[in-house]
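Numbers restart at 1 for each chain; the letters A, B, ... are given by sequence-line order, proteins then strands.
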Amino acid sequence: MPELPEVETIRRDLSARILGTKITKLELLSPQSVLGNKKEFSTQILGSSFREIDRIGKLLIFVLQKGKYLLIHLKMTGQLIYQTKQELIPGGHEGGEVKELPNKMTRVVFSFSDDGKLYFNDQRRFGYLKIVDAKELAKIKEKFGPEPLQAEFNASFLKKLLRGRRGNIKALLLNQLHIAGLGNIYADEALFRAGIRPMRLAGSLSEVETKKLAQEIKGVIKSAISHRGTTFSDYRDATGKRGGFGVKLQVYGRSKEKCYRCGRAITKVKLAGRGTHFCPYCQK
DNA sequence: CCTTGTGTTCTCCG
DNA sequence: CCGGAGAACACAAG
């Protein structure tokens, strides 16, 4: 599940590799992964290059020429893997962790003028690629709240956000309108770190809890980025490697296992329609 | 049936 | 009865 740290890792990896390099070939192996007119999509991409790669929440924004933007959302199983000309040679990469591409999950392939290739893989085809203009992009950006690592995301912002809310805190943390980039893994991890049960009503958090939660959201996201994200199942970085934050997870995916803090069993329930993990002893 | 991210729709409440 | 909030549902595919 690529959330903010995973998408940011890919953004940084790709930014160091493909900016300014001409796209010479585009293969739509699964046309349904491209939203809108496929022919127009190809026309906009071919012969162009990416000037910059931005991100808002979990959405990647590749800046093309002429006020056009390529949006890529990985949803649950999407991957963006780049291979240089050298790595494309069978056996030409060291370590062996880079798999042979394309594979049966490959939906779109970008070829560059330096013979590098970018593969969009997506087992479940929930992810998408879409070209928008500046106006459409501005409208999309309106649908995102501040990101955890932006300065405006602090205790006083969270306090205002939680005031008077009757819904549970977990659902609020997942709502991209309010906070951009948190998904199921980091919402559960941040709540564990803050010692707050996911089903607590958002408006019931004390000032101290709110401050702690704001800090822990920032902390877990920052740490996850520094470990290049979490690979729970499908996530890979732009070089095909797994993220290193999995070993740091305290509750996500640890149902019935012992809490590292108190030794009691981690509980899993369904909340806000999502699998939700917490320690009934450490989280109040 | 499950998994999650997101967009839409429905209902509730003040 | 309006509007916002929040819950519920739909959908993607294996």
Side-chain angles (χ1 to χ4, degrees), chain A residues 1-8 10-11 28-36 55-61 71-80 103-108 120-130 132 136-137 139-145 147-148 158 160-191 198-205 217 221 224 229-236 243 245-246 249 251-256 266-278:
Chain A
M1 286 68 70
E3 303 177 28
L4 192 158
E6 291 75 30
V7 179
E8 176 62 13
I10 291 171
R11 190 194 70 77
L28 306 185
L29 307 180
S30 168
Q32 71 182 92
S33 295
V34 171
L35 303 186
R55 176 189 58 71
I56 181 159
K58 305 161 193 170
L59 183 65
L60 282 165
I61 305 165
L71 307 183
I72 301 186
H73 203 302
L74 302 172
K75 291 286 181 90
M76 287 176 71
T77 60
Q79 303 174 335
L80 277 170
N103 59 33
K104 62 179 178 178
M105 273 94 95
T106 303
R107 308 305 177 199
V108 179
F120 173 73
N121 301 328
D122 187 16
Q123 188 192 97
R124 298 189 191 176
R125 291 189 236 227
F126 295 177
Y128 63 83
L129 297 81
K130 183 186 186 182
V132 296
E136 290 169 294
L137 181 63
K139 205 171 171 186
I140 289 164
K141 283 187 172 179
E142 283 174 20
K143 293 178 189 166
F144 291 92
E147 301 217 347
L158 196 60
K160 272 183 206 150
L161 180 61
L162 301 193
R163 187 174 293 151
R165 297 222 177 241
R166 4 181 206 107
N168 62 69
I169 184 66
K170 165 97 184 242
L172 193 78
L173 296 185
L174 291 176
N175 191 334
Q176 305 297 299
L177 286 165
H178 298 308
I179 304 171
L182 286 185
N184 210 29
I185 295 174
Y186 299 111
D188 281 2
E189 292 299 314
L191 286 166
M199 53 290 292
R200 284 277 300 282
L201 296 189
S204 79
L205 270 60
I217 289 170
I221 292 297
T230 302
T231 293
F232 199 76
S233 53
D234 298 273
Y235 169 70
R236 296 294 182 276
F245 196 73
L249 296 178
V251 287
Y252 187 86
R254 299 197 64 245
S255 175
K256 294 177 183 170
I266 299 298
T267 300
K268 183 178 180 183
V269 297
K270 195 133 192 159
L271 184 67
R274 299 294 174 248
T276 298
H277 315 71
F278 70 102

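Judged as a side-chain contact (heavy atoms from CB on, under 4.5 Å), and not counting sequence neighbours, the contacts of A/S30 are A/Q32, A/S33, A/R107, A/R125. By the side-chain contact (heavy atoms from CB on, under 4.5 Å) test, A/R254 is found to be paired with A/E257, A/Y260, A/I266, residues two or more places apart in sequence or in another chain being considered. Every residue two or more places apart in sequence or in another chain was checked for a salt bridge (charged side-chain N to carboxylate O under 4.0 Å, His left out) with A/K58, and none qualifies. Take A/A202 and apply the side-chain contact (heavy atoms from CB on, under 4.5 Å) test, not counting sequence neighbours, and it matches A/L162, A/R165, A/I169, A/L172. Considering only residues two or more places apart in sequence or on other chains, A/Q123 meets the side-chain contact (heavy atoms from CB on, under 4.5 Å) condition with A/T77, A/M105, A/D234. Shown here are the side-chain hydrogen bond (donor to acceptor under 3.5 Å, both in side chains) partners of A/N184, two or more places apart in sequence or in another chain: A/K170. With sequence neighbours excluded, no residue satisfies salt bridge (charged side-chain N to carboxylate O under 4.0 Å, His left out) with A/R124. Not counting sequence neighbours, the partners of A/H73 by the ring-ring contact (aromatic ring centres under 6.0 Å, His included) test are A/Y128.
Atom P of B/dT9 sits at a distance of 22 Å from the matching atom of C/dC1, rounded to the whole Å.
Here A/G275 lies in heavy-atom contact (under 4.0 Å) with sugar-phosphate atoms only. Backbone-only engagement by A/Y252 is indicated by non-hydrogen atom pairs under 4.0 Å involving sugar-phosphate atoms exclusively. At the heavy-atom level, A/K143 lies nowhere under 4.0 Å from the strands shown.
Here chain A contacts DNA chain B (any atom closer than 4.0 Å to a heavy atom, that is under 4.0 Å), and the contacts span B/dT3 to B/dT6 from 5' to 3'. First and last contacting nucleotides of DNA chain C toward chain A (any atom under 4.0 angstrom from a heavy atom, 5' to 3' order): C/dA5 to C/dG14.
Atom CG of A/L191 sits about 9.0 Å away from atom OG1 of A/T276, to the nearest 0.5 Å. The line from CG of A/L74 to CD1 of A/I10 is 5.0 Å long, rounded to the nearest 0.5 Å. Separation of atoms CG (A/L28) and CG (A/L129) is listed at 8.5 Å; rounding is to 0.5 Å.
One axis for each end of the helix from B/dC2-C/dG14 to B/dG14-C/dC2, each built from five base pairs, and the angle between them comes to 40° at 10° resolution.
Under the 30°/60° scheme for interplanar angles, the aromatic rings of A/Y186 and A/F245 are found to be tilted.
Listed by residue number, A/Q176 are the residues of residues 164-179 of chain A with a heavy-atom contact under 4.0 Å to DNA chain B.
Of the two residues near DNA chain B, A/K268 and A/K75, the one whose nearest nucleotide lies more 5' is A/K268.
For the pair A/E8 and A/R11, the salt-bridge criterion is met [side-chain N within less than 4.0 Å of a carboxylate O].
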